[in-house]
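One structure below.
Every chain is numbered from 1 and lettered A, B, ... according to where its sequence line falls, protein lines coming before strand lines.
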2 protein chains.
Amino acid sequence: MEQQPHPLPETETTEQDPSRNSQVQVLAQETRKLFEAGEDTAALAFFRQIHPADQGEILVGLARESRQELLTRLTPDEVAQILDHIEPVEALRLFEGVEAPVVSQILDEASPDVAADILKDLPLDQSWEILGGMRDTEEVVPLLQHPDDTAGGVMIPDYPVVRESISAGNALDELRFLSPDAEDISSIFVVDDENKLVGTLSVTRLALARPHVMVGDIAHREFIAVRTDTDQEESARLMEHYNLNQLPVVDQEGHLRGVILAEDMVDVVEEEATEDMYRMAGVAGERVFGPLKNSLRNRVPWLYMNLATAFLAALVISFFESTIAQVAALAVFLPVVAGQGGIGGTQTVTIIVRSMALGEVPATVGVRLLVRELTLGLINGTLLGVIVGVIASAWKGNPFLGVVLGVAMMGNMLIAAMAGAGVPLLLRRLHLDPAVSSAVFVTTFTDVFGFLLFLGLAAAFINFLL
Amino acid sequence: MEQQPHPLPETETTEQDPSRNSQVQVLAQETRKLFEAGEDTAALAFFRQIHPADQGEILVGLARESRQELLTRLTPDEVAQILDHIEPVEALRLFEGVEAPVVSQILDEASPDVAADILKDLPLDQSWEILGGMRDTEEVVPLLQHPDDTAGGVMIPDYPVVRESISAGNALDELRFLSPDAEDISSIFVVDDENKLVGTLSVTRLALARPHVMVGDIAHREFIAVRTDTDQEESARLMEHYNLNQLPVVDQEGHLRGVILAEDMVDVVEEEATEDMYRMAGVAGERVFGPLKNSLRNRVPWLYMNLATAFLAALVISFFESTIAQVAALAVFLPVVAGQGGIGGTQTVTIIVRSMALGEVPATVGVRLLVRELTLGLINGTLLGVIVGVIASAWKGNPFLGVVLGVAMMGNMLIAAMAGAGVPLLLRRLHLDPAVSSAVFVTTFTDVFGFLLFLGLAAAFINFLL
């Protein structure tokens with residue numbers, strides 16, 4: 001890679017990300033050092049050699065003053081290139097303290113989808129002010145109407161397109177006028193006179209065609225498209241299923257509106273997986289080094305919802321306080337009942353929620369899935385029940401205690417399977433997101449019913465336990 | 001989409017995947033019905049019109065006999081196209097009961113990377129037999145050496161490449177001889193006379209260049225490459241960071257060996273996220289409708305590991321049996337202490353493990369992260385402690401019980417933060433996968449130390465609680 005004029009982080013390495021990270025950090029430190037030594041011009045020259053993706057990472061990590069200093073020295077076009085590689089939320093941080101007209105200039109140079117994403121994330125008044133100051137809003141404005149998580153929100157609106165009624169030679173001429181950005185598009189879209197999508201045409205096929213052939217005659221007329229309001233996750237799944245590197249986006253009437261690129265889908269898939277994981281754990285909307293206030297606000301509701309359910313479990317135990325006062329050993333086994341039910345439920349809910357997200361659980365198989373999980377729960381519960389029963393009998397020298405605990409354990413593993421599979425299936429049927437059927441809901445079931453079963457049996461057979 | 005001769009599932013819809021799924025199911029039912037009516041020829045004709053990606057889904061779901069009937073009737077090339085769209089593990093199921101020479105014929109037609117993935121997943125003796133029966137192994141064999149989860153394992157080995165020393169006109173002529181598959185590649189690679197990668201060249205730029213210009217003069221000499229042994233997750237992250245739609249793969253000496261396409265990375269990113277989620281919940285290696293035996297084998301170790309830790313918590317409680325015998329109300333609050341610590345720990349561990357997987361936690365920030373989580377734990381713990389203390393005091397009419405519970409709650413939230421952040425950081429430092437620092441390990445800490453704190457305080461101040 002000696003040919004690279006950019007000091008790109010060395011990527012040809014077997015080591016994991018820390019290595020790439022640390023090399024970006026070296027570049028960042030070098031930039032910072034030059035700034036601190038007052039050598040602003042040298043700092044700028046050094047910074048300009050870095051790849052825009054890494055420039056973004058470095059800028060976001062710089063002290064506010066150095067960041068603003070750099071931002072004012074870079075051309076709008078240079079900043080626009082950086083925006084291509086960072087998240088909208090990082091862009092907002094970059095623009096803190098930058099005046100609206102400057103932001104307008106930058107967004108004029110940015111690709112319309114990036115500009116739209118940033119404008120959508122700004123407070124409405126700032127968004128209007130910046131949009132008002134932009135020269136070229138024709139392509140940005142239509143994008144503002146699409147929610148972030150739809151095909152319309154992730155598509156890029158500038159794609160190479162030709163009419164089916166022109167010749168291959170003319171089509172190639174039209175390609176010449178395209179911006180160099182369009183160079184990495186491998187095929188162009190073919191539309192009819194009303195801009196309705198009728199096919200696709202690979203650039204190679206076009207380049208190799210005889211010049212007088214009609215585009216419509218060499219176009220590939222089988223294609224898969226989504227509508228602007230199709231969910232981004234659904235779009236990603238289609239691209240994955242059909243192995244597509246680009247997916248055209250059309251409106252209700254079939255007019256071509258944009259294209260989704262496979263490389264943008266990597267982001268989407270990663271985001272969606274993160275969102276589901278965080279939602280299940282009750283930390284949705286957080287970032288690991290985001291503002292502390294944000295983390296607090298996100299976690300607190302789940303902590304208090306969990307508190308309510310924990311008190312529900314406490315209430316169940318309190319019904320049996322007199323039983324526990326007679327046989328304090330019962331208290332010893334409460335975490336065993338709750339713990340095993342908890343992990344059993346977590347295993348089931350995780351695999352089901354994730355499989356739903358991957359589209360592997362069609363609505364028709366709900367009952368089959370429940371039966372499958374109950375079978376697993378029964379097998380595991382029986383084995384665990386016997387083992388736990390034997391241990392408890394031996395430990396406390398009371399076989400009846402062992403039987404009570406063993407039966408409760410088996411019952412709780414069934415409850416875990418039922419809740420772990422049933423809660424997400426039910427949530428989906430109610431058109432709610434199954435990923436919120438987190439640990440919290442499922443462990444409530446296993447705690448409450450597990451304690452009820454264990455202590456209820458103990459109370460019923462109290463004479464054998466004394 | 002009226003132009004499509006394929007009965008593609010209707011994709012222009014706002015509904016979620018169940019709708020696409022159910023439409024594939026309609027196609028599947030139609031195929032099955034024709035088979036059952038004995039109209040094999042009509043069934044075959046109908047099946048042939050379906051997109052290979054959907055054919056794969058349908059085949060995998062068919063009864064074994066119909067599947068084998070269909071497979072023998074399809075040409076090797078038709079089956080090879082289906083293999084492009086299904087997972088290697090599904091391909092193995094497809095080949096059950098199919099004779100080795102037939103599989104060899106099919107894999108000869110498949111793309112080398114697909115064939116290699118399937119061969120790697122077969123038992124070694126079958127793999128040798130099938131490979132031995134293949135005509136064309138030149139491209140497949142080199143791929144067999146790369147582990148599945150490396151760049152070498154996900155790259156495709158056939159990519160369009162030209163030498164820098166030839167003219168643009170000749171390069172275009174060479175492109176004409178490429179298979180139609182290569183049509184969706186947007187740029188070609190430029191190598192020197194030793195096949196070392198020196199740059200890239202977009203097809204559009206090549207098509208528009210004057211014919212006598214040297215390829216080396218119009219090639220783009222800045223590029224990012226990975227080595228065959230680079231981790232697939234690292235490769236995906238690079239493509240995401242630098243917004244690449246293809247990533248060249250070179251060997252140690254810089255010779256070009258293959259290319260990774262962005263559309264294949266969508267699979268990789270999805271797989272990796274699923275793996276991490278499943279690992280955290282102790283269900284790694286499962287599929288929602290995989291064999292029951294497999295599910296049992298995967299879940300059981302975690303259930304028993306959890307059992308061991310639950311008994312550890314039970315042991316802690318047993319130390320305080322006499323205290324509980326005196327104040328049975330203590331048992332009531334055990335799930336509150338354990339439950340809140342558990343969710344606090346789960347929140348922390350989830351956000352940290354996922355952020356690590358996304359490359360957002362460089363090794364240098366470990367301490368900062370721990371401090372951040374401890375701060376959150378302190379704030380949440382203090383609030384929760386006060387609330388829980390007040391409720392317990394009021395409920396049981398004993399302010400001292402409230403104080404003991406409140407202090408234990410605060411302490412346990414700190415333990416949760418420490419374990420939730422500390423366990424994954426420690427595992428990574430030890431070069432182990434942080435994702436296995438699942439619920440199991442973290443909740444062990446919070447259960448054991450939470451009970452120790454709560455019951456220890458209660459025992460120390462037992463006179464105030466009576």
Side-chain angles (χ1 to χ4, degrees), chain A residues 3-4 12 14 17-18 21 53 176 183-184 186 202-204 207-208 221-222 227 229 240-243 245 262-263 265-266 269-270 273-274 277 281-283 286 288 299 306 310 313-314 317-318 321 324-325 328 331-332 334-336 339 343 346-347 350-351 354-355 359-360 362-363 376 447, chain B residues 3-4 12 14 17-18 21 53 176 183-184 186 202-204 207-208 221-222 227 229 240-243 245 262-263 265-266 269-270 273-274 277 281-283 286 288 295 299 306 310 313-314 317-318 321 324-325 328 331-332 334-336 339 343 346-347 350-351 354-355 359-360 362-363 447:
Chain A
Q3 299 82 359
Q4 292 168 4
E12 299 187 14
T14 58
D17 198 69
N21 263 346
R176 279 176 227 270
E183 280 198 358
D184 40 282
S186 57
S202 89
V203 174
T204 315
L208 304 182
R221 286 177 177 270
E222 284 166 32
R227 262 181 23 192
D229 55 359
E240 196 192 347
H241 184 68
Y242 294 107
N243 259 9
N245 65 0
E263 63 253 44
M265 279 298 109
V266 173
V269 166
E270 212 150 60
T274 304
M277 270 187 226
V283 287
E286 269 196 65
V288 68
R299 295 190 196 181
N306 193 64
I317 299 179
S318 79
E321 244 180 88
I324 292 171
V332 170
L334 291 177
V336 179
I343 186 167
T346 304
Q347 287 185 328
T350 302
I351 200 159
R354 179 62 180 161
S355 300
E360 295 172 355
L376 281 170
D447 279 4
Chain B
Q3 299 81 2
Q4 293 166 2
E12 300 187 15
T14 57
D17 198 69
N21 263 347
R176 276 176 230 269
E183 279 197 359
D184 41 283
S186 58
S202 88
V203 174
T204 315
L208 304 183
R221 286 177 177 269
E222 284 167 33
R227 259 179 28 187
D229 56 359
E240 195 193 348
H241 184 67
Y242 294 109
N243 259 9
N245 65 1
E263 62 254 43
M265 281 298 108
V266 172
V269 165
E270 213 150 60
T274 305
M277 269 186 227
V283 287
E286 269 196 63
V288 70
S295 294
R299 294 189 197 183
N306 193 63
I317 299 178
S318 79
E321 245 181 88
I324 293 172
V332 169
L334 291 177
V336 178
I343 188 169
T346 304
Q347 288 185 327
T350 303
I351 200 159
R354 180 61 180 161
S355 301
E360 294 172 357
D447 279 5

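A side-chain donor-acceptor contact under 3.5 Å links B/N306 to the backbone of A/G339.
For A/E321, the side chain to side chain donor-acceptor pair (under 3.5 Å) partners at least two apart in sequence or on another chain are B/K396. Residues satisfying the side chain to side chain donor-acceptor pair (under 3.5 Å) criterion with B/S318, sequence neighbours excluded, are absent altogether.
Using a 4.5 Å cut-off between heavy atoms, B/I351 contacts chain A through both its backbone and its side chain.
Among B/A325, B/S355, B/S295, B/A314, the residue making the largest number of heavy-atom pairs under 4.5 Å with chain A is B/A314.
Considering all non-hydrogen atoms of both residues, A/E270 and B/R354 come closest at O-NH2, 3.1 Å. For A/A331 against B/L334, the heavy-atom pair with the smallest separation is O-CD1, 4.1 Å. Counting all heavy atoms, side chain and backbone alike, A/A262 lies closest to B/V266 at O-CG2, 4.1 Å. Closest approach of A/A310 and B/P335 over heavy atoms only: CB-O, 4.1 Å. Here the shortest heavy-atom pairing between B/T350 and A/M277 reads CG2-O, 3.8 Å.
Summarising the geometry, atom CD belonging to A/E263 is positioned 12.5 Å from atom CE belonging to B/M265; distances are rounded to the nearest 0.5 Å.
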